[in-house]
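Within every chain, numbering begins at 1; the chains are lettered A, B, ... in the order of the sequence lines, protein sequences first and strands thereafter.
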Amino acid sequence: MVSDTRALALHIGDVALIDQHVHGCWLTPGDRPRFENALNEGNTEPITHSGFDSQLGFAVRAHCAPALGLPKHADPQAYWDRRSQFNADELARLFLTAAGVSDWLVDTGIGSGGVAGVADMARLSGGDAREVIRLEEVAEQAAQTQGDYAAAFEEILHRRAAGAVATKSILAYRGGFDGDLSDPSPAEVAEAASRWRDRGGTRLQDRVLLRFGLHQALRLGKPLQFHVGFGDRDCDLHRANPLLLLDFLRGAANVPIVLLHCYPYEREAGYLAQALNNVYVDGGLSVNHLGARSPAFLARLLELAPFSKILYSSDGFGPPELHFLGTVLWRKGIHRVLREFVDRDDWSEPDALRVVDLIARENAARIYRV
Amino acid sequence: MVSDTRALALHIGDVALIDQHVHGCWLTPGDRPRFENALNEGNTEPITHSGFDSQLGFAVRAHCAPALGLPKHADPQAYWDRRSQFNADELARLFLTAAGVSDWLVDTGIGSGGVAGVADMARLSGGDAREVIRLEEVAEQAAQTQGDYAAAFEEILHRRAAGAVATKSILAYRGGFDGDLSDPSPAEVAEAASRWRDRGGTRLQDRVLLRFGLHQALRLGKPLQFHVGFGDRDCDLHRANPLLLLDFLRGAANVPIVLLHCYPYEREAGYLAQALNNVYVDGGLSVNHLGARSPAFLARLLELAPFSKILYSSDGFGPPELHFLGTVLWRKGIHRVLREFVDRDDWSEPDALRVVDLIARENAARIYRV
Amino acid sequence: MVSDTRALALHIGDVALIDQHVHGCWLTPGDRPRFENALNEGNTEPITHSGFDSQLGFAVRAHCAPALGLPKHADPQAYWDRRSQFNADELARLFLTAAGVSDWLVDTGIGSGGVAGVADMARLSGGDAREVIRLEEVAEQAAQTQGDYAAAFEEILHRRAAGAVATKSILAYRGGFDGDLSDPSPAEVAEAASRWRDRGGTRLQDRVLLRFGLHQALRLGKPLQFHVGFGDRDCDLHRANPLLLLDFLRGAANVPIVLLHCYPYEREAGYLAQALNNVYVDGGLSVNHLGARSPAFLARLLELAPFSKILYSSDGFGPPELHFLGTVLWRKGIHRVLREFVDRDDWSEPDALRVVDLIARENAARIYRV
């Protein structure tokens, strides 16, 4: 059993991941408050406590410090001083290449200034990178055109989709999941678009146009990702419970729908992945923010969801530490969970190895065709 | 301590269970898709992944394969081939007798064709079996009579109840728990029944008649079981949160109400069992589907619920593997949880032995009088 | 590593706690039903099972019995007999001094008859005690005055606040958190107060006046505590989900808001503590009632909440066992959780020691200025 268990650890350490939902890392230098705020997902104001005083902050000191040549658990000042000796490009190359990720699927909908784009992510990491199109950004682009809104949306979406692998919705941040999510009529869309354009056509909040975007994504047929669960404070967390998507999911039968992040609703998300053939779950963002507690979260993701329906992502954005840390914590956490299953003889080791590959890359490779 | 711990394991392995909520196993042969779909609770459509690629599928291979003479973790094809060498009666006898269950309380409301009835369950297992009456089936029987609906419902219920131990509601599947659950007036019942009969009187969805059925069950006074939490996709999971039953439970003071399954709301259900003298909880169905993760679930069931208010069931239906696996996973899981309590000296071992007996059979024997 | 781990255990055993939300212990003798009912939080009726048959009951026998000179796990009758040899004052002194608490922040809003007040708690424990003012009690006092309700409320609140450290709301028991919680206009307050006085001015349920009280507390500027999550059955648990406070919390930016108890919503509460600079979390009450399961709860409290935002309390009320047991279970639980973090090298030991001090007393000392 000892040598077998070692085989599991080695395999998990070596497997090249597909990071199926990620954002660009910073390309510009910044001050320490920028960095510490980036360790707090929920708070959009300057934080009044240290961003290091959290599971994520402790995990950065435990797992990123050695990558910078520091001892584990280096104190915050030492970490910041050392980090400041590298420029943004060096930090990005260092952490992205160390992540062991073969493919980055990059949501380009935030942080266009000073943040890596799809090509940057490939260049800096030495891996491949593909785009995930944010639907609300397509809507804002369509609002800035002159002609028919629906036609413009469709044209932009199809043009951008030629080089992209998926679409992404942040409906969670624009009123949440409760309420009607059916496909609006062309007349409703035209009227809503006209109203929105009159108000400037920025930051889409209109429910009719949000619904239209979702159904355009279904018609496109590429996998559709949803922000689910916790995020920053713009999000009413109880309205980002994936169970509120149930009617929409029931009606989207042939398009893969990926529920991202999911904390604290990962068990509800797992149920949906079991109940509906086209629903998938992912624990990105949550794994980083839970740090030493992420194994418990990963274990809960392995409850009702079929193993062919679970995906890996980091949801890294900003500090390239996050793109790296996601892989470290996932590898450590999944090893701890699966080794326990194997040690108790509830799972065989070959089954554990196969499930690692499914989550690490095979499920993503299948649905995104990368 | 070593010999003591062994005493706990032996006792848990030996105790005869009362399976207080179960359905009939298959009596007819079927193909592999039928079997694999039976490993997925949530999905009512043909599943597009393997039903074996889940915690339940892995648990079947780990714990049912040896009962068929195969090594643990036999692969799905080997399992299916071996299983196919037995006929339905042989499989049922094999798994039901191996379950160590003395009494089966059988909800007869589903699967009348090709599925074991109450007498079949006794015959195949060598144990005793008693009926649990599904209220929605009584309603459908009453709808098919000619006379007054309420009188017919009451007559059928009392006639069937003479040989039964409990009633069962699937309100979770018929609109959920939110909204008024008070006792409707005779005029409301008559009007609703007339409307429903005009539409054919099948698959009860009418809220007035659902409420009437619940209050008839309270007047009958036998324990009333509720499907709570996850089930198939007909159920809006967030409407099956047992907290939405609070007003109904407060008004049902003298009749035992049993909250079945409960995932992912088992902590909420445990609170209700503490807050209300007549409320009980059970984790059947969940334990099977969580497989290697079921100890974590059983531990959460042991939070707020008083130990005199927790019950065992498998909720097995279809493959007799499920009737057997429920007992294996419960015995393994409760042992792991309680042994840890005892090893840490948080509980004494005699206390652990007593709580095993309460959950395994004594609580059920008391409320169902078996 | 061994000696280091011992240092953590010693430090956790020795640290003097600030119990930042507690009630008075009994000062009068009572019978066994009073004691057993006090072991059940949820049920406000006489319980029909033994209050000892619960995690809390088992924890009392495990951890309080030795403090009375009995062996661990003494049986309920032996425990009751031994306890009956002490008078109320002796029991209070015995358990309060053994608790290792330096400061008690006492919510005086319940149990005025036969229950220790602020000065009693200091006298019996040998520690310091300060008052927490229940807003609904201030309202009831204002209702009994003759003049303008709002002016009377403000005068009473400011007079009482001179010697107090915080305010407390039981909105969870008076309709829950959902719905408008904005500041009502003076005219609305006057009208609502008039109506309420006409009905006798007791047991405040009026939403306008409840909202007024909350905003008076914000204007006062001392920390405001909210009962959150489970309590007795008057509380509709799903309406005590702290996410329903989101709009109120967003608008209360400069006043510390402390979410008390939180079960089963501790993960949601932790999110709020991350998302909002002024929000804090506490697991009092829950830790006692979860007994042997409290380490799992304390671990979940250490997920999203920044470590500078987590507080200790017992929420003890009635039997002084509860004031003592809170500290025992917290020390045992936090040790188990943090030792695992340190043993796995996810946290350094100095970090663990520092987080212990933050939760045990430093965070409370900072926001309450004790």
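- A heavy-atom distance below 4.5 Å is not found between the side chains of Glu268(A) and Phe230(B).
- With a threshold of 4.5 angstrom between heavy atoms, Val355(A) approaches chain B through side-chain atoms but not through N, CA, C or O.
- In this structure, Gln274(A) and His289(B) have side chains that are in contact, with non-hydrogen atoms separated by less than 4.5 Å.
- Residue Arg300(A) touches chain B through both its backbone and its side chain, counting heavy-atom pairs closer than 4.5 Å.
- Contacts of Leu276(A) with chain B are made by both backbone and side-chain atoms, with heavy-atom separations under 4.5 Å.
- The backbone N or O of Pro46(B) lies less than 3.5 Å from a partner atom in the side chain of Asn277(A), making a donor-acceptor pair.
- For the atom pair CZ of Arg61(B) and CG of Asp351(A), the computed distance is 4.0 Å after rounding to the nearest 0.5 Å.
- One distance of note links CD of Glu303(A) with OG of Ser294(B); it measures 9.5 Å at 0.5 Å rounding.
- The residues Asp234(B) and Arg250(A) are annotated as not salt-bridged, no charged nitrogen and carboxylate oxygen being separated by less than 4.0 angstrom.
- Heavy-atom distances place both the backbone and the side chain of Asn40(B) under 4.5 Å from chain A.
- You'll find the side chain of Arg267(A) stays beyond 4.5 Å of the side chain of Tyr265(B), heavy atoms only.
- With a threshold of 4.5 angstrom between heavy atoms, Leu272(A) does not approach chain B through any atom at all.
- Here Leu246(A) contributes atom CG and Leu237(B) contributes atom CG; the two are 8.0 Å apart, rounded to the nearest 0.5 Å.
- The residues Glu340(A) and Arg293(B) are annotated as not salt-bridged, no charged nitrogen and carboxylate oxygen being separated by less than 4.0 angstrom.
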Item to check | side chain to side chain contact (heavy atoms under 4.5 Å, CB included) between Phe58(B) and Phe307(A), worked out | outcome: CA-CA 10 Å; Phe58(B) 280 27; Phe307(A) 305 134; 3.7 Å; yes
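- Residue contact with chain A, scored on non-hydrogen atoms closer than 4.5 Å, involves the backbone and the side chain of Ala292(B) alike.
- Here the side chains of Asp346(A) and Lys332(B) are in contact, with some heavy-atom distance below 4.5 Å.
- The pair Asp53(B)-Arg354(A) counts as a salt bridge, with a side-chain nitrogen and a carboxylate oxygen less than 4.0 angstrom apart.
- Between Glu41(B) and Leu304(A), every side-chain heavy-atom pair lies at or beyond the 4.5 Å cut-off.
- Only the side chain of Tyr263(B) has a heavy atom closer than 4.5 Å to any heavy atom of chain A.
- Contacts with chain B (heavy atom to heavy atom, under 4.5 Å) involve no residue of residues 166-183 of chain A.
- Annotation: the span from Asn278(A) atom CG to Thr48(B) atom OG1 amounts to 8.5 Å, rounded to 0.5 Å.
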